Structure formats: C-alpha cells, structure tokens
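Working notes for the structure below.
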Amino acid sequence: MRYSKFFLPTLKEVPSEAEVVSHKLMLRAGMIRKLASGIYSYLPYGLKALRKVEQIVREEMNRADAQEVLLPMVQPAELWKETGRWEKYGRELLRFKDRHDRECCLGPTHEEVITDLVRREVRSYRDLPLNLYQIQTKFRDEIRPRFGLMRGREFVMKDAYSFDVDEEALDVTYRKMFDAYCHIFERCGLDFRPVEADTGTIGGHASHEFMVIADTGEDTIACCTKCSYAANVELAPVVNRGENLELPSESEEPLKKVSTVGMKRVEEVASCLKVKPDRLVKTLIFMADGKPVIALVRGDYDLNEIKLARYLGVENLELADEETIRHVTGAPSGFSGPVGLKERVRMVADYSVASLKNFVTGANEEDAHLVNVNWGRDAELPELADIRTITEKDPCPKCGGLIELKRGIEVGHIFKLGTKYSEKLGAFFLDSKGRERPLVMGCYGIGVGRTVAAAIEQNHDDKGIIFPVPIAPFQCIISVMNIKDEEMMQAGEVLYGDLLSLDIETLLDDRKERAGVKFKDAELLGIPLQIIVGKRIKEDGSVELCERASGRKEVLKAKEAPTAVKERIKHATGGACTRQ
Ligand code: ATP
Ligand code: MG
C-alpha cells in the first residue's frame, strides 16, 4: 500500500474523549472513529488489525474442529422467552418491534439461536460432538460504554457453541477449546493468563477467562507466585479464615456509644476513634432478588458482591437504597451495624469478623457509632461465609504460596453450560441405546476488537503503538526521506516491489512530507519494522532497518534488506508468516 493513497487520517493531538492509552492511540493512528456512544467505524488501518486477529482465531478454531457459521443478529423475542432470558437479561438487551409489531432484539450472545438451530437438525449421538462458531457483530447496550473498542455497545465477537453427549465428552471439548485459546493469544503475541472465573448471567458449572495482563485492565486477578493458580478476584477463595487471632485474650470492655458526626467512611471513623480499620466492622445492606440482606466484613477488607450473591444463591444483588436502609436500621446509610436493628433481616458475616472482640460498628443512629461491641453479648454471631475479596496478604488457596494481584483485560471467556439451555429449549438427541437425552453444551467467546485494544494497551510507548508482529496491519514501512530525490524514490520503489514479492505486507511512505513527520507517524502507527531510505542510499547504496519494539537500528545494503525483513518476521511469528 502507498501511504499517499491510503485512507489513514492520523492525529497529532490526543483526543479529549479518550481515557485509556489504547483508545487514544487507536484514534490517533486512524484506526477507528466514533459514530455514537460505544459505536465505532473501523478505518482501513484498524480493520487490518482486526482481520489479523480474526484470521488467527479462525485458523485455531478450525484446527480444533469447530465449524464456522454466521447467525442472524436480529432475533425473535419468542426464543428468549423460552429460556426465560427475555425477562432476565435486563437493559443490555436492545429490544424493539418490527413493522408487524413482533418483538425482537439485537443479539448480545447466541445461545438461544444456536440451540434452536441444533434442536431442529441434530437427532442422534452419531451427529455429535458438534462445535459451531461465528465471528460476528454483537450489540449490548452497556450501561457505561468506554475505552473505545474495549467496552463498546456494538463490537465484534467470536462465539462458539459445543454440543456433546455427556459431561465427560464436554470435558474433552472444553479442554480442546482451552488449548485453542492459549494458542490464539500466544500467536497474537500477547502476555496473558487463563484464570478461573465466575459464570455470571450465562450460567454453568465451570469457566475460565483469558486475561491480557495490563495495568489499565478492569479486572483484578489473583495469581500465585509459586504454583499455576490464577483466578479472578471475583471468586478466588480466602482460606485463612480465622485470622486476627490475637484478640481472644482481650477481656470484653463495656459497650459505648460515641459521636461520629458526618463520618460515614471507615477511614474517617477509624482515625477519629484512633483505632486501626481492622477493628471496624463494615455493615452493608443489599437487595438480594428483592429482599434486604445485611452483609458484614472487617473494615480493612472489601466485600465481594459476587461471592455474596453466589452464597445467597441469588441472581440480582445490588446495594439497597436509602429508604430501605432507613427502614432496616432506623438510620441513614453510613451508620449501620449489627446491634439494635429495627427490622429482622438475614445477616451474613465474613469469616474475618467472627474472631473480633471489642470492635466498632455503626450504632443504627445518625452520627453515632458503637465501640467495644462483642459477639454473643451485644449481638448474636450471624451465619459465616467467605464473602470478602482476597488480598496479597492471603495465601494461595491451592498451595499456600504468596498471592500477587495483577490487573487484566478479559479478552476471552469459556464456559461449561451443561444442559441449561438444551433442557429449556428442548434440544434432545437419541443416545446409542435409543434414549432421549438433552445435549450437553459449552460456549466460548473472544472479543476480537477488545483483543486489538488489549494488545495496544500492553504494547506501546510514549511515541505510539508497538504492534506485535502477528497482528500488525503492516509488517514493514518504507520511509522515503525525500520523494523529490529521484534516486531515493527509485530505491524505495524497488524495495517496495521486492518486499511485496516476498509476501511482506508493506506500507510505502511516499508522501510529500518532511522527514520528521514521517518518523513521527511511523512511530505512532507501530509497524514492527521500518526501512529508512535516506542519504546513505546515494553514498553507498545502504538503508537503515529499524525495529519499532527495541529501537535497534542496523545499516545494510538496500538489496539485502528484504531478506533481512523476512527473517525477522519469521523469527517473530515462530516461522509462520500470517497473511490475510
Ligand atoms: P465483561 O465482564 O467485560 O462485560 P462479559 O463477561 O460480559 O464481559 P462475555 O459475555 O463472556 O463477556 O463475552 C465474551 C467476550 O466478548 C469477552 O471475553 C470480551 O472479550 C468480549 N466483550 C464482552 N463485552 C464486550 C464489550 N462491551 N465490548 C467489547 N468486547 C466485549
Ligand atoms: Mg458484560
């Protein structure tokens, strides 16, 4: 491609709408443009990167015996009503009516559609296993679309759905998909970790997320520094449940009410009362599937809503509103506690509060806290559960080693679904003994656009993108320093022809721009290799070959450059020169 003809509108300024690096750089490098909130157009340079990831995904899916289909984006409400998700999915599901007043939605995921297809076509165990995938645009009316392609409303996803005869066969398929995902993200050149994950609204028995490690990630993962354990903090269990054991030797002090005017936060109360936050018990009031529930956790820990929802076995868990809090405690939020509640509601405490003595809680009265609260004497010890988030002070749940918390971007998610959807939708098959049984399913997603964004989030510097070779829109850029100089331009043209004939995707910077502009753009675009055709070509026929990632420069004869480029690409892609 010739830069002079390429639709590549780069920006010098950092666009104010962008918060994270990948979003800024994708706008600046002319990859995407925003149409509406969470809805983006892909420009040629951005689409090339997207297609590269798609191609790797497609190759690995095919290799793992999945077959490509393309399912409709517009889906009838009836199907969603059959699984009960029409009511449950909430406002992320964009619903509308067609001209015949029929209710429809835009597909945020395709369990319903694929299971409908398969229930009509698959009859016998002989047709199984079956694994179907698509690479398609999804729509989710996200409450807070942000960070460009990272959390869009319209986005490209690869989604696969597998059908097996039983759980054992599903285990085999699941493992195959797990391995395929590892190959995909390895081939994309990314630093990633598969982690144990929560199954969320899709449901099911087992699930792993694939996380690209990056400081700006929205997820936190707990990784063991000793063994291979890694899990989303949403579900990583805490095993040292009876910590803070120095307390039992203390004697119980008399209960006291103290004034804490306007102090709602743990830190404020702790510093006012001159105690450490681990002497406080935080009291949070939730609505769990419509019913109020009180949750207690030690002041220095975070309550984990996912663990709490799982423990309670509820689908919807949200913090209660002010009115409910007043109703339950008799006081405004910030002053709740387990002693002297107005209303008797279910109370769950994290293990960390069980061994506390003489602790501080809200007094269920505005501007007041209680000190020297003790279980048994002042309030009954509630039911105990692991409902706090793991910290770096907790041991690894698997080997007892040290836990390290890292930020990650979820680029893929795989689930064992079991028979949840097949039973609801009546997707049965006849087994080898002629018995009718529900299909055992799995589902497997990859955010294609999010993977490109995550790759940039992980690979950039202050000058721009540093694309990993396998997903770079071009592998090489030839920067001709002065196109008016015939000798230079001629050398650029020859190199361009030679690189193309070696199947190297090349951008020839043949613009009438100053050298400085060309260098800046090359850095911003992040093409892995750059050949600079400048004065040297006239002196001794040589050019400079620069590596974007390392900044390493090498001077070599122009005619040796194409094979040198080819070699480096081969090296970076493990021998496979991925082409579109
Ligand atoms: P998240 O927790 O980030 O909302 P999710 O659990 O809803 O993700 P899945 O339903 O498992 O996501 O979807 C599969 C993959 O699709 C995710 O791993 C992610 O890479 C991608 N994805 C999900 N939502 C979005 C979005 N709004 N924008 C871009 N990619 C997305
Ligand atoms: Mg989501």
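In this text, all values refer to a predicted model and were calculated from it rather than measured experimentally. Indexing begins at 1, ligand by ligand and atom by atom, following the structure's order.
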Quiz item: Is any NZ, NE, NH1 or NH2 atom of the basic residue among R548 and D461 found under 4.0 Å from an Asp or Glu carboxylate oxygen of the other?
Solution: yes
Quiz item: Only one of E423, E111, E112 clears side chain to side chain donor-acceptor pair (under 3.5 Å) with T83; which?
Solution: E112
Quiz item: If you measure from each heavy atom of G152 to ligand 1, is any distance below 4.0 Å?
Solution: yes
Quiz item: Within less than 4.0 angstrom of ligand 1, does I409 place any heavy atom?
Solution: no
Self-check item: Contact check, V411 vs ligand 1, heavy-atom distance below 4.0 Å
Solution: yes
Practice problem: Scan R144, R407, R151, R450 and name whichever one has a salt bridge (charged side-chain N to carboxylate O under 4.0 Å, His left out) with E218. | Solution: R151
Practice problem: May I ask you to list the atoms of ligand 1 that are less than 4.0 angstrom from any heavy atom of E142? | Solution: 24 (N), 26 (C), 27 (N)
Quiz prompt | Option set F155, F139, F210, Y444, criterion heavy-atom distance to atom 24 (N) of ligand 1, minimum | solution = F155
Quiz prompt | side chain to side chain contact (heavy atoms under 4.5 Å, CB included), paired with L439, selected from T419, D127, D164, L128 | solution = L128
Quiz item: Where does R450 meet ligand 1, judged by heavy-atom distances below 4.0 Å: at the side chain, the backbone, both, or neither?
Solution: side chain
Exercise. Could you tell me whether the side chains of H110 and Y133 share a donor-acceptor contact shorter than 3.5 Å?
Key: no
Quiz item: Is it true that E78 and K81 make a salt bridge, defined as a side-chain N closer than 4.0 Å to a carboxylate O?
Solution: no
Exercise. Can you sort out which atoms of ligand 1 are near H413, meaning under 4.0 Å from one of its heavy atoms?
Key: 6 (O), 11 (O), 18 (O)
Quiz item: Has ligand 1 got any nitrogen or oxygen that is less than 3.5 angstrom from a nitrogen or oxygen of I446?
Solution: no
Quiz item: Quick one: does ligand 1 sit under 4.0 Å from the side chain of M150, the backbone, both or neither, non-hydrogen atoms only?
Solution: backbone
Self-check item: Which segment of L149 sits under 4.0 Å of ligand 1 when only heavy atoms are counted
Solution: backbone
Quiz item: In terms of atom number and element, which parts of ligand 1 are under 4.0 angstrom from non-hydrogen atoms of R151?
Solution: 1 (P), 3 (O), 4 (O), 26 (C), 27 (N), 28 (N)
Quiz item: Between R91 and D141, is the closest basic N to carboxylate O distance under 4.0 Å?
Solution: no
Practice problem: Would you tell me which option among E92, R140, R153, K158 has the nearest heavy-atom contact to atom 9 (P) of ligand 1? | Solution: R140
Self-check item: No-hydrogen, no-angle side-chain donor-acceptor test under 3.5 Å, Y89 and R95
Solution: no
